[in-house]
Structure formats: structure tokens, C-alpha cells
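Just below is one structure, and these are the notes that go with it.
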Amino acid sequence: MVKALFSLLFVAFIWGSTFPIQKIVLVGVSPTFYIAVRFFIAALVSYFLFGKGNVKYGSILGTLLGIAYTTQTWGLTITTSTKSGFITSMYIVFVPVFAYLLEREIPTIFQIVSFFVASLGLYMISGGIKGFNFGDFLTLICAVSFALHVVLITMFSKRVKEVDLLFPQFLVVGILNLILNVFWKNWNFTLPAVGSAVFTALAATILAIYLQAKYQKALGNNVSAIVFLGEPVFAAVVSYFMLGETMTGEQFLGAALLLISMVFSSLERVKIVREANQKGRDECEDSL
């Protein structure tokens with residue numbers, strides 16, 4: 001259990017560290033071309049590890065993931081990596097919304113409150129109306145896309161193996177961003193960008209997903225979601241040391257509200273799972 005906990009915390013650290021790293025290397029580099037290179041590398045490695053997988057479901061997930069990463073990386077060139085990390089993490093409170101729309105899972109009072117608290121936190125961390133820039137808006141689209149991606153993964157993973165969703169998903173992300181870059185018309189690629197693309201492909205994509213798939217089962221999805229709340233915190237800490245980014249008192253309060261809302265949302269899901277497990281054990285005992 002301890003090994004699983006620290007493994008997923010390491011995943012959160014990897015994901016959080018990518019924000020300032022990509023902020024540095026994307027200077028003068030097309031974000032869409034960067035993403036294309038990153039995910040073509042991930043697709044190539046995942047193909048040799050897991051095979052071609054399920055094209056239908058993988059393509060749907062890849063389209064959503066492509067939108068998420070494109071808006072996130074594009075937004076990162078405009079906003080700060082700290083704000084990008086916290087706004088992206090709002091996907092956790094958007095998940096119940098799509099869970100209701102797609103699976104008719106009614107959100108609880110805790111989840112509804114979490115959504116509004118997170119919205120207030122987003123407003124504060126962005127500096128209010130004047131501080132909310134186009135990069136923040138793009139990152140918000142990223143959070144929505146990630147939330148929908150999470151819900152669809154849950155749905156599709158009930159039909160096929162999780163590893164069957166990897167290669168086609170990564171390949172579609174790469175192709176989509178390569179096409180978008182035709183309109184971006186920037187094919188510049190620096191040596192630091194190459195190193196970052198390789199790192200994010202192997203560590204933040206292949207390794208992170210491998211560790212997530214291996215150890216998330218030990219902790220459970222809901223407890224794992226709480227562990228992943230460390231991602232925006234790591235993004236802020238690493239951004240401070242690498243970029244010297246700091247936050248105002250209002251932004252600190254907004255960040256705290258975001259974390260509180262995500263904890264509430266995750267804890268509520270933990271409660272639901274525990275009640276379901278207890279009900280299952282009671283039914284099992286009654287049958288005996």
C-alpha cells in the first residue's frame with residue numbers, strides 16, 4: 001500500500017513538473033508541433049509494448065486528449081505554469097458533470113458545492129476578470145476535455161482492456177496536432193524541445209500511465225484521485241524554483257479553494273465506494 005501511494009505521488013510529481021519544463025522549451029516552438037512529436041514518440045513505444053489496441057475507442061479518446069493537450073500547451077505559452085497547473089486540475093470537479101450527462105449518475109451535494117467553490121477559486125487564481133487571459137480560457141477548455149476523457153475511459157475500459165486504448169489514442173493525438181500545425185506554420189524545433197518531448201513522452205506519458213495502471217488498483221480510483229491533487233502543488237513548487245514564479249495572497253487563497261473543492265469531490269467518491277463495498281459484503285454474508 002505504501003509503495004502504491006508513493007508511486008502515484010511520483011506520477012503526480014512528473015505531471016506537475018512538466019508545466020514549467022514545457023513553459024521554458026516552448027519559446028519560439030509551435031505547441032502543436034511539439035505535442036505531435038511527443039505523442040508520436042509515445043505511440044511508437046506503446047505500439048511495441050502493447051500492440052495496436054482498439055482503434056474505435058482509442059480514436060475517440062485520442063481526439064479528446066488531443067484537444068486537451070493542444071489547449072493546455074497553447075495556453076501555457078500565454079499564461080503562467082502555476083496557473084496552468086491549478087486550472088488544469090479542475091478536471092476533477094468537472095468529472096461528475098459529465099458522469100451525469102453520459103451515465104445519468106446524479107451528482108451529490110458535495111460535488112455540486114465543489115464545482116461552485118472551484119469556480120470561485122479559478123476566478124481568484126486568475127486575478128479576477130482582468131487577470132483572466134486567453135491562456136487561462138484555453139486551459140479551462142483543457143480541463144473540460146480531460147474530464148470528459150476520464151469519464152469515457154471509465155466507459156470504454158469496461159468493454160476492452162485498458163492497454164488497448166493506448167497506442168491508437170497517442171497516434172491520433174500526434175496526427176491531430178500535426179494537421180493543426182499546418183495552419184500554425186511553425187516548424188521550428190530546438191534541442192531543448194527535443195529533450196522535453198522525449199522526457200514527457202517516456203516519463204509523463206508511458207511511465208506515468210504504466211505506474212497508474214499498476215498501482216491505482218491497490219489504492220482505488222478515489223483515493224488515487226486525492227493523491228493526484230498533488231499535481232498542481234508540484235507544478236507551483238517546481239515553477240517557483242525553475243521560473244521564479246510567485247503568487248499573490250488572493251491567488252494563494254484561490255489555489256486553496258481549488259484544492260479544497262477537489263478534496264471534497266474526491267472524498268465524496270471515496271464514501272460512495274466504501275458504502276458500495278459494505279453493501280456487497282453484507283449481501284455476501286446474508287447469502288451465507
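Note that these values count all heavy atoms, side chains included, but never hydrogens, waters or copies made by symmetry. Residue numbers count from 1 along this sequence.
You'll find the side chain of T190 stays beyond 4.5 Å of the side chain of V194, heavy atoms only. K56 is not listed as a side-chain neighbour of R159, based on a closest heavy-atom distance of 4.5 Å or more. Within the 4.5 Å cutoff, side-chain heavy atoms of L178 are placed close to those of F40. Looking at heavy atoms from C-beta onward, Y34 lies in side-chain contact with V25 at the 4.5 angstrom threshold. With a 4.5 Å cut-off on side-chain heavy atoms, I60 and F156 count as touching. Side-chain contact check for L171 versus F167: some heavy-atom pair is nearer than 4.5 Å. Put simply, the side chain of Q22 reaches to within 4.5 Å of the side chain of S196, judged on heavy atoms.
For S7, the side-chain hydrogen bond (donor to acceptor under 3.5 Å, both in side chains) criterion is met by no residue, not counting sequence neighbours. Residues passing the side-chain contact (heavy atoms from CB on, under 4.5 Å) test with F50, sequence neighbours excluded: S46, V163, L166.
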Check step by step if side-chain contact (heavy atoms from CB on, under 4.5 Å) holds for I175 and F39. CA-CA 9 Å; I175 294 174; F39 277 89; over 6 Å; no
Verdict with reasoning, N181 to T32, per side-chain hydrogen bond (donor to acceptor under 3.5 Å, both in side chains): CA-CA 5 Å; N181 199 64; T32 51; 2.7 Å; yes
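N188 approaches G28 most closely through the heavy-atom pair CB-O, 3.7 Å. G174 and A36 get closest at one heavy-atom pair: O-CB, 3.5 Å. The two atoms that bring T71 and I67 nearest to each other are OG1-O, 2.7 Å, heavy atoms only. When all heavy atoms of A42 and A201 are compared, the pair lying nearest together is N-CB, 4.0 Å.
Hydrophobic cluster membership differs between F199 and L76, with clusters built from Ile, Leu, Val, Met, Phe, Trp and Tyr side chains linked at under 4.5 angstrom. Hydrophobic clustering, with ILVMFWY side chains joined whenever heavy atoms are under 4.5 angstrom apart, groups V182 together with V29. Residues F33 and L191 do not share a hydrophobic cluster, defined by chaining ILVMFWY side chains whose heavy atoms lie under 4.5 Å apart.
We find the CG-CZ distance between L64 and F146 to be 10.5 Å, quoted to the nearest 0.5 Å. Note that CG of L165 and CG of L152 are 10.5 Å apart. Values are rounded to the nearest 0.5 Å. A distance of 13.0 Å separates CZ in F10 from CZ in F6, rounded to the nearest 0.5 Å. One distance of note links CD of Q72 with CD1 of I141; it measures 12.5 Å at 0.5 Å rounding. Here the straight-line distance linking atom CD1 of I78 with atom OG1 of T139 works out to 8.5 Å at 0.5 Å rounding. If you take OH on Y57 and CG on L61, they are separated by 10.5 Å, rounding to the nearest 0.5 Å.
Counted within 6.0 Å of CZ on F189, heavy atoms from surrounding residues, nucleotides or ligands total more than 12; the atom is thus considered enclosed. Atom OH of Y47 has 12 or fewer heavy atoms from other residues, nucleotides or ligands within 6.0 Å.
Of the N and O atoms on the side chains of Y69 and S145, not one donor lies less than 3.5 Å from an acceptor on the other residue.
The other residues sharing a hydrophobic cluster with L176 are L180, where clustering joins ILVMFWY side chains under 4.5 Å apart. In the hydrophobic clustering, where aliphatic and aromatic side chains (Ile, Leu, Val, Met, Phe, Trp, Tyr) are joined below 4.5 Å either directly or transitively, V172 stands alone.
At distances below 3.5 Å, at least one donor-acceptor pair connects side-chain atoms of N177 with backbone N or O atoms of V173. K23 places a side-chain N or O within donor-acceptor distance of the main-chain N or O of T79, the cut-off being under 3.5 Å. Although no hydrogens or angles enter the test, the distance criterion places no donor-acceptor pair under 3.5 Å between the side chain of T73 and the main chain of T70.
Ring centroids of W74 and F137 are separated by 6.0 Å or more, keeping the two rings apart.
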Can you give each donor-acceptor pair under 3.5 Å made by side-chain atoms of residues 11-21, sequence neighbours left out, with the distance rounded to 0.1 Å?
residue : atom : partner : partner atom : Å
W15     : NE1  : A204    : O            : 2.9
S17     : OG   : F13     : O            : 3.3
S17     : OG   : I14     : O            : 2.8
T18     : OG1  : W15     : O            : 2.6

Without placing hydrogens or testing angles, list every side-chain donor-acceptor pair under 3.5 Å for residues 232-243, not counting sequence neighbours.
residue : atom : partner : partner atom : Å
S239    : OG   : S81     : OG           : 2.5
S239    : OG   : A235    : O            : 2.5

